[in-house]
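Here the structure comes first, spelled out in structure tokens, and everything after it is commentary.
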Amino acid sequence: MSDDVQVKDEDGSAPTNVDDEGHADPREIELALSGGPIAFSGISLVIRGMAKAGSLKMTSKGLAFQIKATGKVEMVHGEEIEKARFMRVAAGYELRIKLKVGSYVTLVGFIRKDFDRLSPFFQKHFSVTITEEEISVKGWNWGDPKFSGNTMSFLVDKKPAFELPLNAVIKATATKNEATIDFYCEPDTKDAQMVESMRFLIVSPEGTAEGDETQAEAFKDKILSKADVQVITGRPICAFASLQCLTPRGRYEMELFPSFIRMHGKTFDYKILNTSVIRLFLLPHPQQANCTFFVMNIDPPIRQGMTRYSFLVFQFQTHEEMTVNLNLENPTARETLEKEISDPANPELKGPVFEIVSRLIRTLSARKITIPRPEEYRNFRGSDSVRCTHGPMDGFLYPLPRAFLFVFKPTIHLRFDEIASVSFERANFAGQSASQSFDFLIETKEAATFEFKSIPKEEYVNLFGFVESKKIRIKNLATRAQPTGEEEAFAVSDEEEDDPYMNRVKAEGGAGAGGGDMDSESADEDFKPGEESDIGSLENRSSADSGSGSGS
């Protein structure tokens, strides 16, 4: 999106594409009318009452919002839009879009001048007129609730004073004249101020008989009917007993329902919505050919005490097989899973446990599974990962098609589009000071650094080639010192492996003498959601790995 028009400066000041009177540049309005893509930075998408920062791009087909923290892309097609509203709120301006199914999409962080671009674009391509609405600023704490879709507006003098996203409600209770609503709170937001609970005084009219439903109870029932509160009813589609989970550690019984996953452990129980699943990974264990990792990336994360888990890492025995009978009484489940079963009259799945679990979760969550691509990276032992340490923990770094993934504690996922540069440290394998290992440092665009240490020197050539093939900038490529004469004297050139790092240093040494910038200027690959690999023949690859050694 860097090539698209930006409507806000990073410091929040007025952008350069507006005139002195605060109106958008006529060229920007012409672009909006032409149907060309327009983009907005500094925008947040409100999910369950929490604003997720990211970037918004609009085309004649619809809207696409990429969440900055996770890279997840939320889409809204133009034909789904029923109406839209632009309103001044506490932090800038808000664009609220009502979909034809009755739900709302809320985007915040706009400035007043953005209306001149949004309005003609919506009118031309979606045949929707964006209306402007004023918010009530009287400060009264009494008013009238108005329900619309998954939102409740609190009206004061017929103007909205505030709005509540009902899909963020986790519990609602009522007494005689009072209703209490509890909201979901984002667990990984330490400094944000969030509403956890709200109480409404609702006095029933005189003459209400004892035992009759009060207005507070009716209000509570109305909230729950609109809220995203799911009650476990009926039988699950299937259940798996005693699955080994590495993070959070323990054994869990897993039950799959049409809209969520239930995990029951010895101490903790979790309910994970299928829509919370962002990514799925299936990774062969590099040292144990009969083991496979299955990783689920979820947002929001689950909590165990004060610890949050955005990644669930399961370990399966690759050759352990089972037969699962599926309960397809629910029409939604039958429609979703009909492609996974060969005989609708006898719905069952046979095969390795890891394959059945991953296939069902993939289908129910509508997420593809990412696996390593051997044609892109293989280590010197023939497996798909790099053994290394992160902090005090030993683990495996998997170079994947669009990201690096470190498992298993802590699990770290670094997308290529969020990486600013990488560097190879202690990669000196010649002379008396020759090292048997090196360090791999990844620096993100948010200035966070992840250091993976003690990587065997045999991995250097393959890892360097992978980074180079992905066009990731190598930070310290031209700043490393040339080997001294003493080091060259001790170097055994006849037996050394070809070192692409040093070759490029030597090749660029002459060009850098003139004082130019010698850093690699390769651009990061654009993030393209949805283009991930499917499961593939993982079992065959695991068997092949077993013959190449047990180390990594």
Side-chain angles (χ1 to χ4, degrees), residues 22 43-51 76 80-116 118-120 122-123 126-169 172 174-183 193-208 213-228:
I43 305 299
S44 297
L45 174 67
V46 179
I47 301 177
R48 291 193 169 198
M50 188 65 193
V76 177
E80 299 175 342
I81 300 175
E82 180 178 331
K83 60 182 181 180
R85 182 201 68 188
F86 196 75
M87 184 173 69
R88 180 77 169 92
V89 291
Y93 283 80
E94 169 189 282
L95 175 65
R96 176 175 285 265
I97 301 171
K98 183 179 181 181
L99 305 181
K100 293 177 181 178
V101 294
S103 59
Y104 285 83
V105 176
T106 304
L107 297 159
V108 297
F110 293 96
I111 56 178
R112 179 64 185 86
K113 309 155 183 94
D114 294 337
F115 181 80
D116 294 333
L118 292 169
S119 182
F122 271 65
Q123 182 66 51
F126 309 142
S127 300
V128 172
T129 300
I130 301 180
T131 60
E132 294 188 82
E133 189 172 349
E134 294 183 2
I135 193 170
S136 175
V137 293
K138 288 191 173 182
W140 296 353
N141 66 341
W142 66 91
D144 301 309
K146 179 182 178 182
F147 294 90
S148 178
N150 58 356
T151 300
M152 189 200 82
S153 300
F154 190 80
L155 303 181
V156 174
D157 196 19
K158 299 183 180 180
K159 294 182 180 180
F162 61 85
E163 294 177 331
L164 299 179
L166 299 183
N167 57 355
V169 175
T175 58
K176 183 177 180 181
N177 294 320
E178 188 176 275
T180 303
I181 304 174
D182 294 330
F183 296 95
Q193 296 180 354
M194 303 181 66
V195 178
E196 293 186 354
S197 182
M198 213 177 233
R199 290 190 297 175
F200 294 88
L201 178 65
I202 308 172
V203 180
S204 298
E206 295 183 5
T208 302
E213 183 182 46
T214 64
Q215 287 196 355
E217 291 173 337
F219 177 79
K220 180 259 298 183
D221 293 338
K222 185 73 171 179
I223 292 289
L224 290 178
S225 67
K226 302 285 186 178
D228 193 12

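- Rounding to the nearest 0.5 Å places CG of L118 at 13.0 Å from CD of Q123.
- Considering all non-hydrogen atoms of both residues, V156 and A161 come closest at CG2-CB, 3.7 Å.
- With a 4.5 Å cut-off on side-chain heavy atoms, L166 and I181 do not count as touching.
- In terms of the ring pair (Phe, Tyr, Trp, His ring centres under 6.0 Å) criterion, residue partners of F162 (sequence neighbours excluded) are, by chain and number, F154.
- For the ring pair (Phe, Tyr, Trp, His ring centres under 6.0 Å) test, residues two or more places apart in sequence or in another chain that qualify with F86 are Y93, F115.
- Looking at F183 and L164, their side chains come closer than 4.5 Å, going by heavy atoms from C-beta outward.
- Between the E217 side chain and the T214 main chain, a donor and an acceptor come within less than 3.5 Å of each other.
- Of all heavy-atom pairs between A216 and N177, the closest is CB-C, 4.0 Å.
- A donor-acceptor pair is defined here as one N or O able to donate and one able to accept, closer than 3.5 Å; such a pair exists between the side chain of S225 and the backbone of K222.
- To the nearest 0.5 Å, the span separating OG on S153 from CG on D144 amounts to 11.5 Å.
- Taking each heavy atom of E134 and P160 in turn, the nearest pair found is O-CD, 3.7 Å.
- The line from CG of D114 to OG of S119 is 12.0 Å long, rounded to the nearest 0.5 Å.
- Looking only at side-chain heavy atoms (C-beta outward), F122 and T129 stay at 4.5 Å or farther from each other.
- Of all non-hydrogen atoms in V108 and A51, the two that sit nearest each other are CG2-CB, 4.5 Å.
- Within the 4.5 Å cutoff, side-chain heavy atoms of L45 are placed close to those of V105.
- The CD1 atom of I43 sits 7.5 Å away from atom CG of L107, with the distance rounded to the nearest 0.5 Å.
- Contact check for M152 versus F219: side-chain heavy atoms found under the 4.5 Å cut-off.
- In this structure the side chain of E82 reaches within 4.5 angstrom of the side chain of K100, judged on heavy atoms.
- S148 is listed as a side-chain neighbour of Y104, based on a closest heavy-atom distance under 4.5 Å.
- Closest of all the heavy-atom pairs between I223 and V169 is CG2-CG1, 4.1 Å.
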field: Stepwise salt bridge (charged side-chain N to carboxylate O under 4.0 Å, His left out) check, E163 with R96
entry: CA-CA 11 Å; E163 294 177 331; R96 176 175 285 265; 3.0 Å; yes
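- Checked for salt-bridge contact, R85 and E94 meet the test: a charged N lies under 4.0 Å from a carboxylate O.
- Between the CE atom in M87 and the NZ atom in K159 there is a gap of 11.5 Å [rounded to 0.5 Å].
- Of all heavy-atom pairs spanning K220 and A174, the tightest one is CB-CB, 3.8 Å.
- With a 4.5 Å cut-off on side-chain heavy atoms, V76 and F126 do not count as touching.
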